[in-house]
Each structure stands twice: as C-alpha cells, then as structure tokens.
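Report on one structure; see the data block that follows.
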Protein chains: 2
Amino acid sequence: MTLSEEDYIKAIYHLGKGLDQAVSTNSIAEQMDTKPSSVTDMVKKLSEKDLVFYKKYKGVLLTETGRLSALSIIRKHRLWEVFLVDKLDFAWDEVHEVAEQLEHIKSEKLIDKLDAYLGNPKVDPHGDPIPSKDGEFKKSVKRLVTELPIGSQGICVGVNDSSVAFLKFLDKNNISLGDTLEILDKEDFDGSLSIRVKGKEMRISEQIGSNLFLEVLEKD
Amino acid sequence: MTLSEEDYIKAIYHLGKGLDQAVSTNSIAEQMDTKPSSVTDMVKKLSEKDLVFYKKYKGVLLTETGRLSALSIIRKHRLWEVFLVDKLDFAWDEVHEVAEQLEHIKSEKLIDKLDAYLGNPKVDPHGDPIPSKDGEFKKSVKRLVTELPIGSQGICVGVNDSSVAFLKFLDKNNISLGDTLEILDKEDFDGSLSIRVKGKEMRISEQIGSNLFLEVLEKD
DNA sequence: AATTAATTTTAGACAAATCTAAATATTTGT
DNA sequence: ACAAATATTTAGATTTGTCTAAAATTAATT
Ligand SMILES: [Mn+2]
Ligand SMILES: [Mn+2]
Ligand SMILES: [Mn+2]
Ligand SMILES: [Mn+2]
C-alpha cells in the first residue's frame, strides 16, 4: 500500500465513523484536500485491490480488509502521538502533522517495540482509543466530569464555559487540555469532586466539573 | 526535497566520501539499485536545484548546499538508529532499513527533541559519527584495540581472527559487535589491556586486543 | 591509430497521483 | 414531473520517477 492509498483508506474510515456507512466522493475530496475527480480515480484503484466496495455514483464502503488496514494505520498514528508527547515532550496540539508522516513507516517490529516501550497505552494524547494489533478497541466519548462515575479516567479535551474566569481557574490549578484526569471521589453534600491531575490530588466544585469535558473510553 | 531526491543526495555524498570527488553515473545507479538512465534524469533535476554540479559524461559533485543537505539526512538517519537500538532494543544490524525510512520525516523540531532525548549522541550504533545541526562532525576510523591509546572509546565492529576459538571467547565474555568498548589501562609488562564493555570492567590479553576492531572518532 | 568495449545520455514509454474542463447522473425545489 | 442545482465521473493533460532500447561519448586494447 502506498502512502497515498493509506491516507485515503484512513479518511474513508473516519468519514464512515467505522460503521457500514457509504461515504461520498465529495466528502472524501474535502477531507483529503483534493478534487473529486482525483478521489474517483483513487477509489477505483482501492476497489481493484479489494480494500473498498465501490459503485459508481453510490459512494464507497470499506471492506473488512480495508477496515483492518485503516485500524492498523490509526494504531500507528496514535502510538506515535503518544511517543511524541510522553517521550519527546511535544504539546498535545502539535503532534498531528508529524504523526501523519510517521504512521506510514513500514515495520511491524518497530510498532510492536514502540507499543511495548510506551507501556501499551490504550488512548492517545487526545483521548482517542488505540486499536490493538488485531484491530480491537473501545470507543471513546466526550463527557462532562460530573456525568462520570467515581473511578473514571479520561483526557481533558474541552470546556463548556469558556469564560475568562473559568480558564483562569484551570490555569491556576495547573489543569491543561491534554492532561489525564481521574475522578477519585464525589461528595453527596455539595456535589464537589476529588480528582487527580498530573499526579496531584485536588478538590473541585460541581460547577467546575460541569464545565469541563473529558474524553473517556466506553465501558466494554 | 522529495524522498527520492534525498536518497540520491545521500548516495552521492557517500560515494564521494565527503570529498571533492566526482561520482560516476554508473556507481550511483549501482548504489541506488536503479538504471544509469534514471540517474542521468535525476542528476539533471538536482543540478537545476543547485544541489550538485553536473557536466555531461564528467560525473557529478555536491555543491555546498548539497553537502549540507546530505549531512542533514545522515544526521537524521543515525539519530534514529540510536533511538532504535538504545530505546527500542533493536539489534545494531537490524536498524538500517527502518532508519532508511525514518530519515525522511520532515520536522526540525522532531529531530532537535530526539537528539536531546537520546543525550546528544556523537556516534551511531555502527560507530559512525553523527553530524551536528550545522553539519560538523569528526571522521571515524577503524582501529585494532591495541593501536589505540588509553582513554579511547569506540564501537566493536569486526574481528581480524574469525576463528571459532576467538569468537567463543568474545561470546563467553559477553562482548558483541555493536558494543561500546573503553580502554581503561594498558599493562607494559605483557601488553594486556583493561577495558570496560556494557559497564563491566575486564582484562584482555594483547592477542585478543590485536584481533578486535573498534570504530573510533578521530582526534580533532 | 583504429577498433572494440564500456559508460553515459537521449528518446520514447509507462505507472502513480494529481489537475481542469466537459459530460453525465442524481437530487432538490417548484 | 420537470427544470435547476448539485454531485460524480470521464477525458485529456501534467509531474515525478522509473524503465528499455538506441545513440553518442569516452576509455581500453590491439
Ligand atoms: Mn498520513
Ligand atoms: Mn490523536
Ligand atoms: Mn532513505
Ligand atoms: Mn549507521
């Protein structure tokens, strides 16, 4: 598989949300920043290689082989993102472009060893799940801290209330987007929460918790 | 610069041994495992981009820009090799193919951070020098252990006497090709040497030392 | 010095990946 | 249901990197 084919397969997977959804030529073109006519050409080639089902004017769908290829590329992309953030101290929002290149390096041994070296991580720095070698993974969802049960763990990915005051609070308490947050306890009395971020335990009010989004893995 | 252009520039650098030597079309073709006609085409393109001087039938020579480009690619190649061996536990003789791919990843920040993460290494797992960001490096040479002064440090790259007995000795003492070896002391009386390999000190006879090759950096 | 051999370049072709412009099919709105 | 708008495909061209076969140049041998 060429670099370009891999990028197309990945785009088709993302646009179809991993489901049995036919994906339109135009949507692929937009995602890949190319022209629809280029997409048609490539989609024909992918169809020849049995990576997608394709019917003229009716969109495109990954075959099982195609789906597994997509997951393999996504696995590599996300493992490299973990490497860049955990080992090389990249910020969570500057890893995508580099991972976009690294995901195409061909060596099964490399990925196996990288996975082990990183401690077999289950999620990438954006909270997205890392598929296993054989293409299995839990889906991830975006939830408010207050919506989650005790013991939950996720990655801070956004805020509901983007007021200056709220952002200042987060900054002051050394909570940044991209940080892993664990819910240790909930206080029935006032709904306040005990959490751990960057190894440090702290208590936050229900109001804070209801404005901070975590990306968490779904239960089985 | 495309991946292919980078590989050509690197090949031309290696064939010219970093000196002002004109390199022949055929030698490049052999090194790159392509046809001479393909080399001629590429060499014209590189000449257009002022990466090489090229005169029909007279061979090709890197310009200063070309030389610096070559060193930049070699730097990346060797840093990745160190990463694969030191961090991912690859054997020294299985890293080349993967590094051949990784050397083309485009991100200055990535290489800076990788360099720092690896502890700014000066040599790769084969004992070859790693050029600095601005293209400076010491040449490396292959020397018998006995030819080197106390304090020398290098990488085991070969044997003079490949007898079973000698190889068994190395194996028994846990010395493998690719290991870093440091010469701690020399005994005038019998020429025996005190060395350190893999953190362990040991004493070897002059006969052993005169059959083991080290790749070492030249003094300034 | 002339012939032969080896090297190098040119000419023409091809596959991959892309584009523009034009043709065709599908969807939408009346 | 039909026209207009939108989406998709085709046709033809371009760039990059490669190849084969043939021509041209340089080097080696008698
Ligand atoms: Mn990519
Ligand atoms: Mn990610
Ligand atoms: Mn390479
Ligand atoms: Mn090396």
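Note that this is a predicted model, so its numbers are computed, not measured.
In this structure, OH on Y13(B) lies 12.0 Å from OG on S69(B), to the nearest 0.5 angstrom.
As rounded to whole Å, 15 Å separates atom P of dT9(D) from atom CE of M42(A). One can place CG of D41(B) at 12 Å from P of dT16(D), the figure rounded to the nearest angstrom. For the pair K35(A) NZ and dT9(D) P, the interatomic distance rounds to 16 Å; values are reported in whole Å. Between the P atom of dT9(C) and the CG atom of N26(B) lies a distance of 9 Å, rounded to the nearest Å. If you measure from atom CD1 of I28(B) to atom P of dT18(D), you get 13 Å, rounded to the nearest angstrom. Taking atom CE of M32(A) as the reference point, atom C1' of dA16(C) lies 14 Å away to the nearest angstrom. Rounded to whole angstrom, the span from the NZ atom of K58(B) across to the C1' atom of dA27(D) amounts to 10 Å. Spacing between atom CG of D33(B) and atom P of dC19(D) amounts to 8 Å, rounded to whole angstrom units.
Regarding contacts with the backbone of dT8(D), every side-chain N or O of Y54(A) stays at 4.0 angstrom or more from both OP1 and OP2. Residue K44(A) has a polar side-chain atom (N or O) positioned under 4.0 Å from OP1 or OP2 of dT10(D). Regarding contacts with the backbone of dT10(D), a side-chain N or O of K56(A) is found under 4.0 angstrom from either OP1 or OP2.
Of the candidate nucleotides dT26(C), dC19(D), dT10(D), dT26(C) has the atom lying nearest to any side-chain atom of Y57(A).
Two rings, from F83(A) and F83(B), have their centers less than 6.0 Å apart. Ring pair H77(B)/H96(B): centre-to-centre distance below 6.0 Å.
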Run K113(A) and D89(B) through salt bridge (Lys or Arg N to Asp or Glu O under 4.0 Å) and show every step you take.
CA-CA 8 Å; K113(A) 287 192 174 256; D89(B) 273 318; 5.8 Å; no
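At a threshold of 4.0 angstrom between heavy atoms, the contacts of S38(A) include nucleobase atoms, whether or not backbone atoms are also involved. Within 4.0 Å (heavy atoms only), T25(A) reaches sugar-phosphate atoms of the nucleic acid but no base atom.
For a distance-only test at 3.5 Å, the side chain of S37(A) qualifies as a donor-acceptor partner of the base of dT20(C).
Looking at heavy atoms from C-beta onward, R75(A) lies out of side-chain contact with L71(A) at the 4.5 angstrom threshold.
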